[in-house]
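Have a look at the structure below, then the notes.
To find a chain, count down the sequence lines: A is the first, B the second, and so on, and within it residues start at 1.
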Amino acid sequence: SGSEEKATSADELKTGLSKDEISNEAFKDLFPLQYDSYKKNDRMEDTKYSGSVKRSKFDHDKEPYLPVLFNGYGFATEYNEDRGHIYANEDVRAIARITDKSIGSCLTCKSTAVPHMIEEMGDDYWGGSFNEDIWPKAEAMGHSPIGCSDCHDPQTMDLRITRPSFIKAMESQGIDMSNPTKNDMRNYVCGQCHVEYYFAADNGEVTFPWANGFKPEDMYEYYETTAKEQGFEKDWIHNVSGTPMLKAQHPDYETHIEGPHGQAGVTCSDCHMPYDRVEGGKKKISSHWWTSPLKTMDQSCATCHSNRDLDDLKERVLNIQDTHMEALHKAEDISITSHYYVNKMITSGVSEAKIKEAQEHIRKGQWFWDIVAAESAAGFHNPQGAMDSLRVSIEESNAAINLAIEELTKKGVNLEEVKTEIEKVKKAVYDEKDNFKKKEKAINSYFPAQQPAPKK
Amino acid sequence: SGSEEKATSADELKTGLSKDEISNEAFKDLFPLQYDSYKKNDRMEDTKYSGSVKRSKFDHDKEPYLPVLFNGYGFATEYNEDRGHIYANEDVRAIARITDKSIGSCLTCKSTAVPHMIEEMGDDYWGGSFNEDIWPKAEAMGHSPIGCSDCHDPQTMDLRITRPSFIKAMESQGIDMSNPTKNDMRNYVCGQCHVEYYFAADNGEVTFPWANGFKPEDMYEYYETTAKEQGFEKDWIHNVSGTPMLKAQHPDYETHIEGPHGQAGVTCSDCHMPYDRVEGGKKKISSHWWTSPLKTMDQSCATCHSNRDLDDLKERVLNIQDTHMEALHKAEDISITSHYYVNKMITSGVSEAKIKEAQEHIRKGQWFWDIVAAESAAGFHNPQGAMDSLRVSIEESNAAINLAIEELTKKGVNLEEVKTEIEKVKKAVYDEKDNFKKKEKAINSYFPAQQPAPKK
Amino acid sequence: MLKKLLGIDKKMLLFIGVFAGIIVSVVTVKTLAYTDSPEFCSSCHIMTEVHDSFSDSNHAGLACGDCHLPHDTVVNKYTYKAKAGMTHVYFNTLGEAKIPKVLHATEGSHEVINENCISCHENTLQNVSHDAKDSCSSCHQAVPHGKGFKTEDYFKPPKPGELLENKGGTMNNG
Ligand SMILES: [Ca+2]
Ligand SMILES: [Ca+2]
């Protein structure tokens with residue numbers, strides 16, 4: 001009852017910061033607790049399937065055959081486990097996927113300077129040269145890696161969406177974005193970046209393929225219709241099978257929304273930003289250490305699952321992940337086979353029409369496992385949904401293989417030999433110790449490249 | 001503290017019934033509330049995917065192609081949706097799967113007379129003639145369909161296990177059965193019957209294939225090793241592909257135990273026998289109306305999920321089931337294709353060795369979808385696990401198809417024609433209105449029977 | 001530090017007094033009843049959420065102590081209470097550094113609470129054997145806290161400026 005006296009008119013509270021503030025450090029003195037919590041994002045510690053150590057995804061205990069599967073694309077050169085928000089700028093700078101052809105759009109989810117640049121530059125931001133214009137400009141503006149101003153209004157600290165791509169995409173699905181609830185915002189701030197995207201064909205704008213829905217099949221349909229109509233057909237041509245491919249990226253938001261937690265109204269922030277008592281217990285804040293919730297289960301899970309033994313619950317998560325990863329590896333393996341079979345179709349002189357038909361299945365088959373592999377929770381964000389996607393992937397890769405078997409047999413190709421050669425080439429990739437060179441081992445004289453050598 | 005005075009020694013409480021009582025009616029006056037609740041099992045009402053109406057599983061909205069998939073076996077003749085416990089005797093009597101060759105084992109999960117018959121007759125019970133000896137004997141004993149004595153000791157009403165197959169199977173997996181908890185018993189009483197089983201080769205004994213674990217892959221391994229070593233190789237020879245097949249049956253227990261609820265310690269009785277207020281709210285009992293919990297969500301789910309809106313929760317169940325059923329139908333369809341392709345291999349004179357290799361994949365492919373189709377909750381008992389099993393099924397059926405394509409192409413067979421014929425034969429099965437005749441339509445002059453006509 | 005001690009509100013002083021009092025056994029029945037009550041317990045900031053969820057439950061008519069203190073014997077109740085009470089005071093003054101990040105009932109609490117469920121609901125339990133699981137809350141997960149794991153507030157648009165007002169940082173942190 002004494003609380004009324006303390007009440008202040010919320011509308012009048014202001015931080016005193018400029019509305020254009022983009023430096024994390026400017027928030028430090030005002031919000032030392034959140035700032036300290038944010039600083040924990042520099043910690044590096046792994047969990048069984050995820051974690052925060054900068055490690056190659058090509059390592060033997062991760063997905064060693066990715067250099068085959070992404071052959072001919074930057075993701076076959078360097079692809080790492082993601083880590084703390086604090087490293088976003090450092091990592092985007094260092095990655096070999098950035099070349100002189102890279103565009104501004106690549107900075108979109110890494111730097112606090114982006115919203116202002118979009119405002120100032122309009123479409124020139126998206127298509128601008130990353131190395132020559134965009135990055136130097138962001139540095140000059142004094143940007144931070146993913147920071148307070150990306151999610152908060154610097155003057156009121158209200159949560160806000162700073163990446164227009166998200167709003168456009170939600171509206172494309174008919175979702176009203178004019179008056180989100182507090183709960184919605186606890187998903188939306190993450191949905192700005194942890195999503196599947198592509199660069200629009202005309203201006204390079206970061207675009208989310210959501211008009212038909214969030215499921216893998218909905219996004220695939222979008223790519224086959226709307227995206228194609230608008231001139232976007234592929235991310236690259238596969239170097240083994242010559243297929244025009246799509247690359248899937250981190251659909252954490254889409255996967256979570258369709259999963260058991262998302263459907264129950266649980267948000268990203270509930271698990272990844274649980275309430276945390278700091279300053280020796282005196283104060284309670286939202287944790288700003290975005291990492292694996294398996295490191296903070298007491299805060300992240302026990303609030304809702306108060307009647308569960310936490311060791312049991314962790315065990316359950318690991319079971320889900322084990323089942324998931326085994327199936328993922330299987331789907332990847334069948335996808336690999338489909339690429340090499342089609343390579344053999346090409347070199348054996350099978351008709352264009354049949355090759356094209358097989359490539360369509362390859363493209364689809366890879367999409368349905370990649371959208372699962374690219375998601376970050378090893379299946380936990382939607383166990384049944386992810387498995388369903390792998391099921392479709394296997395069907396499609398197999399459809400390509402079926403076609404190849406028929407045509408190759410007609411041409412008198414010895415399939416036993418093809419199988420042996422596939423095992424050999426896989427082994428060469430696996431055994432190569434230098435992760436950067438693995439991609440070269442995916443191609444050899446038996447399975448020659450189907451794409452001009454990747455441009456530098 | 002007054003409770004000590006009231007306390008009576010439970011050990012001395014007795015119903016006054018004979019320890020051998022097997023008639024439900026004998027319990028009626030002592031436990032009128034539970035008896036009345038039991039009587040509700042005669043109700044017939046369907047849910048979207050399950051329900052209690054006696055309907056053929058071959059109906060168009062269920063699984064219309066089962067007569068192809070089980071061709072040559074009794075399950076292609078008549079296979080119905082299950083319904084209340086009260087109908088168990090009536091239904092086992094009426095089903096066309098019972099022939100003069102059927103053995104006593106078929107009564108094991110239907111009648112309260114069974115425990116005594118096992119005690120009296122030993123192995124002669126399992127292998128006895130169902131029509132000539134076992135059924136008449138049960139009637140003479142005054143048996144009930146699944147009744148009180150199947151789960152309760154008639155004198156103390158303690159829960160008990162009356163089917164020795166369950167104890168043997170649990171022990172084969174190294175589980176200590178000497179001192180089950182009350183929670184365990186709430187699963188175990190159901191696990192006596194709602195499980196996968198086969199008839200042992202030597203004496204026809206009902207046996208559960210659990211020595212390696214409860215997952216589909218564990219049971220499959222058991223069938224390929226232990227069961228074969230003990231002389232059990234198959235349930236029947238498939239009439240389309242000539243494959244030695246396994247038939248999976250209602251693995252509700254196994255599926256639930258490996259699923260999210262089972263792993264969290266939730267039991268069958270928690271959902272299917274929730275506490276229920278009777279006599280105008282005055283008294284509480286465990287519901288003895290075993291049916292779809294979607295009809296009683298308020299009691300079955302709301303206590304644990306008190307923080308969920310029940311309509312949302314039901315929606316969620318239906319979403320899980322929709323995703324599941326779509327994938328199941330797909331896996332069945334690929335399995336059908338594999339049967340017909342191998343039929344064509346046989347009629348095209350492909351080598352025995354190749355045919356046998358393909359048949360092994362067919363057998364495995366069918367097992368991994370059938371164990372999912374035979375489970376009763378349309379995926380709800382373990383959404384991720386069921387999907388994983390379908391994934392394996394699709395891989396295996398496809399392995400058979402791959403082999404067939406190669407061999408048929410070598411023989412110069414026109415695969416387009418085979419595909420067209422498969423569509424035709426499927427349509428003939430689908431269009432046949434008499435469910436009993438569907439199986440005949442699965443075979444024609446293009447795809448001739450691979451098994452001597454089913455014996456009467 | 002001095003400022004901080006003076007800052008302790010009146011209820012906290014009463015709390016300290018009362019528990020000191022219990023130890024020397026010179027308190028009135030009325031004071032004791034007060035220290036079981038929702039008003040008293042929720043006078044601690046840290047108890048706000050559990051109080052809110054409790055007030056919204058079917059058990060809102062009870063006192064916190066009805067569940068959280070043992071009732072088998074009077075001596076037991078007050079010994080436990082003094083111990084628990086002193087623990088709370090300790091945590092809120094000198095022992096702040098040791099307050100857990102998230103409050104969960106301790107194992108001891110769980111046992112006490114479970115006994116209390118059983119003793120109030122004896123009738124229901126006699127009527128139907130109701131002890132299939134380790135504790136009542138294995139099934140009755142949300143009795144009495146946590147019904148709707150999110151308050152209605154989450155499902156409304158955020159109030160402008162509320163993050164500044166409510167939590168964290170140097171702004172009006174309470
Ligand atoms: Ca990571
Ligand atoms: Ca049924």
Side-chain angles (χ1 to χ4, degrees), chain A residues 215 217 258-260 262-265 304-309 312-313 315-316 319-324 326-328 330-331 333-334 337 341 379-380 382-399 401-416, chain B residues 215 217 258-260 262-265 304-305 307-309 312-313 315-317 319-324 326-328 330-331 333-334 337 341 379-380 382-399 401-416:
Chain A
K215 294 193 174 164
E217 56 270 34
E258 293 290 340
Q263 293 284 309
C304 294
H305 297 283
S306 55
N307 56 1
R308 295 287 300 268
D309 175 88
D312 284 356
L313 193 61
E315 186 69 24
R316 179 71 193 134
N319 279 343
I320 290 172
Q321 294 184 323
D322 288 344
T323 303
H324 176 90
E326 194 187 321
L328 171 61
K330 198 67 209 246
D333 193 52
I334 300 175
T337 304
Y341 267 65
F380 177 77
N382 185 1
Q384 188 203 30
M387 211 46 119
D388 190 39
S389 187
L390 295 177
R391 185 263 305 174
V392 178
S393 168
I394 290 175
E395 277 173 42
E396 291 297 326
S397 301
N398 258 312
I401 294 172
N402 286 346
L403 261 168
I405 293 179
E406 182 178 349
E407 298 306 319
L408 293 176
T409 310
K410 281 186 195 153
K411 294 274 175 199
V413 172
N414 177 347
L415 291 183
E416 285 315 311
Chain B
K215 293 193 176 164
E217 57 269 34
E258 293 290 341
Q263 293 284 308
C304 293
H305 297 283
N307 49 10
R308 297 285 300 267
D309 174 89
D312 283 356
L313 192 62
E315 188 68 24
R316 180 71 193 135
V317 174
N319 279 342
I320 290 172
Q321 294 184 322
D322 289 344
T323 304
H324 175 90
E326 194 186 321
L328 170 61
K330 199 65 210 246
D333 193 51
I334 300 174
T337 305
Y341 268 65
F380 177 78
N382 186 359
Q384 187 203 30
M387 212 45 120
D388 190 39
S389 187
L390 295 178
R391 186 263 304 174
V392 178
S393 169
I394 290 174
E395 278 173 41
E396 291 297 327
S397 301
N398 258 313
I401 294 173
N402 286 346
L403 261 168
I405 294 179
E406 182 178 350
E407 298 307 319
L408 294 176
T409 310
K410 281 188 194 152
K411 293 274 173 197
V413 173
N414 177 348
L415 290 183
E416 286 314 311

Could you check which of [options] has the highest count of heavy-atom pairs closer than 4.5 Å to chain A?
options	value
B:Cys304, B:Pro260, B:Ala399	B:Pro260
B:Leu313, B:Ile405, B:Asp312, B:Ile401	B:Ile405
B:Pro383, B:Gly385, B:Ser397, B:Ala386	B:Pro383

Is there a donor-acceptor pair under 3.5 Å between the side chain of A:Gln384 and the backbone N or O of B:Ile320?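 The answer is yes, because a donor-acceptor pair under 3.5 Å joins these two groups.
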
Taking B:Glu406 as the fixed residue, which of A:Thr409, A:Asn402, A:Leu408 is the one that meets the side-chain contact (heavy atoms from CB on, under 4.5 Å) rule? A:Thr409

Heavy-atom pairs under 4.5 Å with chain B: which of A:Lys330, A:Glu315, A:Glu326, A:His324 has the most?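 Highest number of pairs under 4.5 Å: A:Lys330.
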
Where is the tightest heavy-atom contact between B:Arg391 and A:Ala327, given as atom of each residue plus distance? NE-CB, 3.6 Å

Which atom names give the shortest non-hydrogen contact between A:Gln263 and B:Arg308, and what distance separates them?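 So the minimum-distance heavy-atom pair works out to O-NH2, 4.3 Å.
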
With a 4.5 angstrom heavy-atom cut-off, could you sort out which part of A:Glu258 is near chain B: side chain, backbone, both or neither?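 Backbone only.
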
Could you state the interatomic distance from CG (B:Asp333) to CD (A:Glu395), rounded to the nearest 0.5 Å? 9.0 Å

Spatial distance of atom CD1 (B:Ile394) from atom CG (A:Asn398) [nearest 0.5 Å]: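 Here the interatomic distance stands at 9.0 Å.
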
